[in-house]
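Worksheet for the structure shown next.
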Amino acid sequence: MHNERIIIAGFGGQGILTMGQLLAQAALDEGRQVTWLPSYGPAMRGGTANCNVIVDDAPIASPVVHGDATSVLIMNVPSMKFVADLVPGGFALINTSMVNTRVERTDVRAFYVPATELAVAAGDLKTTNLVMLGAFTEMTHCVGSASVLHALEAKLGGAKAHLMDANRRAFALGAEAIAAQEGAAHRPTEPSVPR
Amino acid sequence: MHNERIIIAGFGGQGILTMGQLLAQAALDEGRQVTWLPSYGPAMRGGTANCNVIVDDAPIASPVVHGDATSVLIMNVPSMKFVADLVPGGFALINTSMVNTRVERTDVRAFYVPATELAVAAGDLKTTNLVMLGAFTEMTHCVGSASVLHALEAKLGGAKAHLMDANRRAFALGAEAIAAQEGAAHRPTEPSVPR
Amino acid sequence: MAKGRVAFDRDLCKGCGLCVSVCPEHMLELDTATINRKGYHPAHVVEGREDDCIGCALCAVMCPDQVITVEKF
Amino acid sequence: MAKGRVAFDRDLCKGCGLCVSVCPEHMLELDTATINRKGYHPAHVVEGREDDCIGCALCAVMCPDQVITVEKF
Amino acid sequence: MAVVFQRTAGLTDAETHYCPGCTHGIVHRLVGEVLVELGVLDRAIAVIPVGCATLAYDYFNCDVQQAAHGRAPAVATGIRRVLPDRVVFAYQGDGDLASIGTAEIVHAAHRSENITVIFINNAIYGMTGGQMAPTTLVGQKTTTSPLGRDPRLAGEPIRIAEMLAQIPGASFVERVACDSPPHVKAAKRVIRRAFETQLAGEGFALVEVLSTCPTNWGLEPVDALAWVRDHMIPYYPLGNLRDPKKDAAARGGVRPEE
Amino acid sequence: MAVVFQRTAGLTDAETHYCPGCTHGIVHRLVGEVLVELGVLDRAIAVIPVGCATLAYDYFNCDVQQAAHGRAPAVATGIRRVLPDRVVFAYQGDGDLASIGTAEIVHAAHRSENITVIFINNAIYGMTGGQMAPTTLVGQKTTTSPLGRDPRLAGEPIRIAEMLAQIPGASFVERVACDSPPHVKAAKRVIRRAFETQLAGEGFALVEVLSTCPTNWGLEPVDALAWVRDHMIPYYPLGNLRDPKKDAAARGGVRPEE
Amino acid sequence: MARVLMKGNEAVGAAAIAAGCRHYFGYPITPQSELLEYMSVHLPKVGGVFLQSESEVAAINMCYGAAGAGARVMTGSSSPGIALMQEGISYLAGAELPSVIVNIVRGGPGLGGIQPAQSDYHQSTRGGGDGDYKLLVYAPSTVQEMAELVALAFDKADEYRNPVMIVGDGMLGQIMEPVEIVERPPDPALPPKTWATTGTRDHPGSRSIINSLFLKPEVLEHHILDLFAKYERMREREVLVEEYRVEDADLVVVAYGTTARIVKSAIAALAAEGVRVGLIRPITLFPFPAESLRRLPDRVANLLVVEMSMGQMIDDVRIANEGRRTVHFLGRTGGMIPLPQVIADTVRHILAEHHAGDVPHVSVGDEKGGR
Amino acid sequence: MARVLMKGNEAVGAAAIAAGCRHYFGYPITPQSELLEYMSVHLPKVGGVFLQSESEVAAINMCYGAAGAGARVMTGSSSPGIALMQEGISYLAGAELPSVIVNIVRGGPGLGGIQPAQSDYHQSTRGGGDGDYKLLVYAPSTVQEMAELVALAFDKADEYRNPVMIVGDGMLGQIMEPVEIVERPPDPALPPKTWATTGTRDHPGSRSIINSLFLKPEVLEHHILDLFAKYERMREREVLVEEYRVEDADLVVVAYGTTARIVKSAIAALAAEGVRVGLIRPITLFPFPAESLRRLPDRVANLLVVEMSMGQMIDDVRIANEGRRTVHFLGRTGGMIPLPQVIADTVRHILAEHHAGDVPHVSVGDEKGGR
Ligand SMILES: Cc1ncc(C[n+]2csc(CCOP(=O)(O)OP(=O)(O)O)c2C)c(N)n1
Ligand SMILES: Cc1ncc(C[n+]2csc(CCOP(=O)(O)OP(=O)(O)O)c2C)c(N)n1
Ligand code: SF4
Ligand code: SF4
Ligand code: SF4
Ligand code: SF4
Ligand code: SF4
Ligand code: SF4
Ligand SMILES: [Mg+2]
Ligand SMILES: [Mg+2]
């Protein structure tokens, strides 16, 4: 079981906040402690968005992830700044469809997934965030895949149930993309940061 | 030269506040220190009105006269309560046209003047307050008659100058009414109250 | 014979004179000889005019202080 | 001969498509092949239609972001 | 022999603090009479303003809430939304309603809150000693327009009834006056109609009453009535501006209750 | 060959934060163009609201004051009374002007403040994420009218231009729209006219602009234009409601400048 | 009800409904609008009334009307909106009307920003309105606690006939955490609201009057003395405070709301180094838990106040402290959040350099180390 | 100009005009309306603008516009009206706009009463608006001093680009005393208002912007730190205080405004008995003259705070005192005025019974002895 301190970041409209909520819901369903803290701003489109998710076994004190992230999920170029927040040994997951630079730090582990392209392959550009979630889950085993998909199903509800298939495919494609890479899910259970 | 702590009280509309202002202006013109503190309330007619005037040679600290009055001028029945505020030896001046009761305290000096009737005699019911002021000035010599009349003249100004005559007559009638009584203006110069 | 009758609760009267001004019979006036509890000259019927009242209640309609009761025969 | 010419400051474009919708010559489209600095598919002239512009400036009138300059010959 | 006029049970026995001849007293009585005649006094809740009528909690013989200056329509809205079956009315002056409380009255009308508003237009701030109101007439002297209201500095007086009548939710709007017995009698009918609008669930109703302030106008009470007639009524025409009855008729009688 | 359309100097070079297709941008441009064309940009002072246009101090190429929510007309009044010879305008949204700022706009009109007000009616609260505005149409879904605006609870939408036109001091009042090039061009003429009213010292001028909020309406920008045409314009008719020219004509041309 | 993931703002709404609140009046403002939106969806479902008012001024006065009519009523806003309500809040206090007011605080002054802050402490605890009055002020630090305090707030509002304020910063409004919302109908021990203007006379001639005007000063003073007797009862009975690891602490931090959570993270980090730090977390801001400060062990020579403001609660700490211990301050403001690392550094620094009586360490809005 | 008899409210107006104020925006309210009325008569005579606004909310925002346009501008009100201005005042502070705000305080809470009070102390000194900010607050105690402080206020407002508040109670507004109004044009040393939106560009493209919005928290924090650096300068330079007979005092009273005058009458009476009592009279409420309290002679074991409130300034006394001396309190509220006799009695009682460290003597709103 992993205790994770996660930053998810990208453009507004990419489903950044939803990703965090799905993760949080999945963790809650698994009986973990969890906090989800969004960035927020005026309603205007086009800004950046990010959220902090903490999954833990003990009650969570500070809900802020800053300088002590165990994972960062990055969906656009400006968000590469969050790599600096990783603890040594932390994981960076980069959507290479949107980001063409590489992680420079050598004390963290970077994973590169062409999430947008995989989403198109899954049948819907809008499932990019599910690709990322699939990859993240495979990468960290922070929560179970089933829990994430269950959370998504609950969220979509009846009216949007037809979208479930593409999302499921996207999630799987993300997971596969990581499984194919080495080093995932091998992080020590307890991250090396105070909580 | 008298140092006086005065309460003037009656119905709204009887010129109570103006009486105090004239006294204060007269004192100022004579180079004294002075404060004038009105009661105030909503604009509606018919309430009671009163004001505190302090005339002194030293700068005046508290502008409130309460329980330490040297003179009270009373223009209606409810205002008889202010007699209680007199220091022993203080002066009460009562407009008997409006008040048919007598001062009960024996340690103060009471003067009774039919001010309204004298005002009518002076030619204008509205000069009642000048009758009272004439009486008060004669009673205490707190300020000079000329100063009061001068203050009134300044206040009336050009447009109302024609009212001056009746007011002057009223003032004189008030003064005469007191002069006819014994005991006025014989109070020790320094009232026996802390200021 | 009088067609109506007015009664004044005179201690409530503020002497505003509105009733006086609207009485079609011109039978009301302010009683300058009296000062009521509130300190006003209250309205009353001009002496000897009691029987002129037609009970129209116009005086009462205009009275801001509910001083007047009107009967009609 | 072209009667007019449009120029797009494409990095300012937010890809809203208002210009596209009002061009009477139907000669504009969003360039889905490009993503500009702001992250949008900017508007441009459909390839080969440059000379159809009549310089009416309707596109520019509707552009909320002052992306378009129009010349008329 | 019959008593044709006597004190209304709609008001308490308290003597009012209003100045002699102030028509606030007349309007209070009309409201009290209407509440009694409609049989709703026992379920009425008054919302009273900041202004000379701020002490009216002692006068209206029903439950009363004293509201902050200008906010009576918001307070009445709060009550109305909690107690949909009571009779809720606000009583406001022209400083209160037409100046500081403009937003609240406009939006109570806008939502068509099912309340009745009695609006006392006396062209002045009474309680605070005669300052200019938005309804003060051009040239009228007040303590803050010492040379008379100058329209170049302060604008021309606002006609609240006309303005509110433009709002779709303002179901009933009418202007009346207190300057003469016929007008007072008419005012009562209109006030009754405004309460009936509420009882029928037809939404927001407002009666603007042209009133006097002898004290701050510096006029004798009788002269103040004449001033209403000679100066206010010409600028503030009496009459109905909105009525669900009329509106229904205009729309072909679609309103359920007609 | 001539440039028939280019960036206006009336706006700065800053890129706006407005969403794609939001017509705030169009109206900004029209105001900027008019200021330039009238030659008054250098003596103009803008008062900007709280709402999506709250950052417009970066856009209007003149002096700017950012006002508290709804208070732009009061702020503009303050400026106007200090600087009688400058060009002062307020730019406000419908939450700002028609809801929280109702009293301030009514009284700026009432005083006939010599200012120009650009009123962006997009039938919603943009900046805060799409809550209902007083101008939201019946049935329109917003985050605070999730089942669509219910007139029984929230009233029918308010027509600000019509309401303000009832106020004597409201010299110029007109409603325009941004849904099509002809309407945009007309809007510019009207905005110009509103500034000319100010320049002629004729008092309060307001232009209500029917605008879009694609983001919170949940529509593509082009569809949002259609929604203005199909739903807003029918309820909010375009046209002039008050104009000193017309009024002068009606009065026989007594206004000095015509 | 099971634990569900909810935004703090939503949890406030859910808890209010579970506590029998059926009337909400409010106006949109970031970062509080989700409460408004939640109420617009959920109140109608339980037969309640949601009304978006034309302004915050109207909202608080609608609350006044509704509370006066006997309802459990709530409004909410964020800092500038709460500033606009000050006259209305003063009226609620003056007329003794129970009502719950939620302030999801953002940075000021003026329009300021929309990120979390705690810079309305003075306004909440000392009254930005006119006159002598107090609100009962709760400052939750988790979403669960916020839900529970909201429920409590309704009962306390009714018990004391006083407005109660819930102060959360923007973080607490926006954060999602698991929360269990418990149905909590009004405490049956509460007396009936016979004072309310319900338009139903108990007996003919009996009327209810809601009022805050007392033209006679002696009557007004009497009224205020009654109010203050009530506030004194609150001081005796209603103080809520979390004392965390204070027994063996070398230094005690005073912080509330989400700031206190961040402090706890710092305390954990320091504990790992063997540095013993305690926390006093006021849960009621008024009444302030002065006793907790007074009875701290003698070994505590230093207090560190941490706030998301330029130092407001520190006034109450100083008043309670009466010069006994050195009071240090660490503040971030304008939406900046003090980070655990910075708090820990400050503590280390104080323990290394300061002893009682020294000049306090003030570190406000350091350029680095905030978020 | 010779000494003339003027109401406090009128003197405020006259002094403002003499100080170059040419714009007044306000709304009527007792006991402040004479200021409004004075301005309506006299401003037009000097080419100034008097405008009666539709509300206090509008008034304070008109001030904002006028101040932003570079004018010397004033508004005034009394307690409930000032409560309504809180958002606007916070905006003025946030946008750093010089302006003078007069509060002629009456009793609250709510509509309260119209008689004199000092129960808006917290609101004035700690901000009833949102966010971290301060006003410079003057509390005159005579009409002459009020006139002088009004003049000073305009200069200080300009110097610090900050709103300045004049706090007088209803008594000070209504009282008439001789006063000399001195022409006092703006201090020529003041820098030109280049930041003002005057609609005149210094050079092409230069624009002035008046704003309090900073969406980025780091920018907002920076802005607030700048504001507080300014407030710190005020703390260093702007404290005004009257220390009266403190050198040989057995007990020191702390009181401001007209209350301080009444205290002086009590001191005179006590002196006659040989009881030596001093007075610290804060003239600036912010910055509070904490130093005067700190450097009192050691023999002073007791402080007595006298206020026309339930105890508000006492917070600042306690903070400055840091437990050194016993702080007693005597308060009247709701329009009641503490009388010299009662103050003297309280002093006698304290000196007879109390020594440093004892439980403080609190006497609030005693039934007798107020007016
Ligand atoms: C917020 C606030 N501002 C101002 C006042 C002062 N005030 C009391 S009554 C009043 C004016 C009342 O005038 P109006 O509404 O016309 O009523 P009238 O007295 O004329 O009946 C004012 C301004 C107040 N109490 N509260
Ligand atoms: C006193 C106050 N209340 C509420 C807010 C929050 N607020 C900011 S923008 C806004 C609504 C803006 O809507 P609108 O005026 O229609 O402008 P738009 O964004 O649609 O252009 C609100 C309520 C605030 N900043 N201040
Ligand atoms: S009832 Fe008619 S006739 Fe009789 S007194 Fe009254 S007004 Fe005159
Ligand atoms: S109208 Fe009424 S109050 Fe006025 S004089 Fe007649 S009876 Fe008296
Ligand atoms: S100028 Fe006219 S024709 Fe040319 S692209 Fe624009 S809209 Fe089309
Ligand atoms: S209207 Fe302007 S912003 Fe929109 S697509 Fe066309 S050029 Fe781009
Ligand atoms: S002041 Fe005017 S409105 Fe008020 S009671 Fe007197 S006459 Fe009536
Ligand atoms: S939220 Fe709406 S109004 Fe605001 S910028 Fe976006 S589209 Fe325009
Ligand atoms: Mg009035
Ligand atoms: Mg809008």
Side-chain angles (χ1 to χ4, degrees), chain E residues 47-57 64-72 74-75 93-106 124-136 140-155 157-158 160 163 216, chain H residues 7 9-10 13 22-45 47-62 75-88 104 106 108-114 170 173-174:
Chain E
V47 182
I48 56 166
V50 175
C52 280
T54 205
L55 294 167
Y57 50 76
V64 184
Q65 290 198 19
Q66 198 290 319
H69 194 29
R71 316 309 171 194
V75 171
D94 47 356
D96 197 71
L97 182 145
S99 192
I100 192 170
T102 310
E104 285 73 18
I105 196 66
V106 164
I124 209 153
Y125 285 56
M127 182 177 227
T128 42
Q131 295 82 9
M132 188 182 67
T135 47
T136 294
Q140 186 183 340
K141 285 185 184 161
T142 70
T143 55
T144 53
S145 59
L147 305 176
R149 182 190 188 123
D150 178 351
R152 286 165 309 164
L153 293 175
I158 194 163
I160 285 292
M163 186 185 87
N216 289 301
Chain H
K7 274 201 173 192
N9 282 330
E10 295 164 349
R22 289 295 176 272
H23 291 83
Y24 187 91
F25 303 96
Y27 190 80
I29 187 166
T30 310
Q32 173 273 356
S33 296
E34 292 85 356
L35 168 54
L36 188 81
E37 294 166 1
Y38 185 93
M39 290 313 227
S40 80
V41 172
H42 293 277
L43 267 178
K45 292 185 185 163
V49 174
F50 162 81
L51 195 154
Q52 183 176 320
S53 58
E54 61 269 31
S55 69
E56 293 86 352
V57 170
I60 195 76
N61 284 286
M62 289 171 182
T75 187
S77 186
S78 178
S79 308
I82 298 284
L84 270 175
M85 292 184 180
Q86 292 304 319
E87 189 206 21
I104 302 297
R106 61 190 238 184
L111 190 48
I114 59 180
Q174 294 297 325

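Just so it is clear, the values below take in all heavy atoms, side chains as well, and ignore hydrogens, waters and symmetry mates. Within every chain, numbering begins at 1; the chains are lettered A, B, ... in the order of the sequence lines, protein sequences first and strands thereafter.
Ring geometry for H:Y27 versus E:Y125: interplanar angle over 60°, hence perpendicular rather than tilted (30 to 60°).
The distance from atom CD of H:E54 to atom CD1 of E:I158, rounded to the nearest 0.5 Å, is 10.0 Å. Taking CD of E:Q66 as the reference point, atom CG of H:L111 lies at 5.0 Å (rounded to 0.5 Å). With rounding to the nearest 0.5 Å, the separation of CD1 in E:I100 from CD in H:E56 is 4.5 Å. E:T128 OG1 to H:Q32 CD: the interatomic distance, rounded to the nearest 0.5 Å, is 10.0 Å.
Under the 4.5 Å side-chain criterion, counting only non-hydrogen atoms from C-beta, H:F50 is in contact with E:T144.
Scanning both residues, E:P146 and H:S40, for their nearest heavy atoms gives CD-OG, 3.5 Å.
The list of salt bridge (Lys or Arg N to Asp or Glu O under 4.0 Å) pairs with a residue in residues 35-44 of chain H, not counting sequence neighbours, is empty.
Of the two parts of E:T102, neither the backbone nor the side chain holds a non-hydrogen atom closer than 4.5 Å to a non-hydrogen atom of chain H.
Using a 4.5 Å cut-off between non-hydrogen atoms, the part of residues 76-84 of chain H that approaches chain E consists of H:L84.
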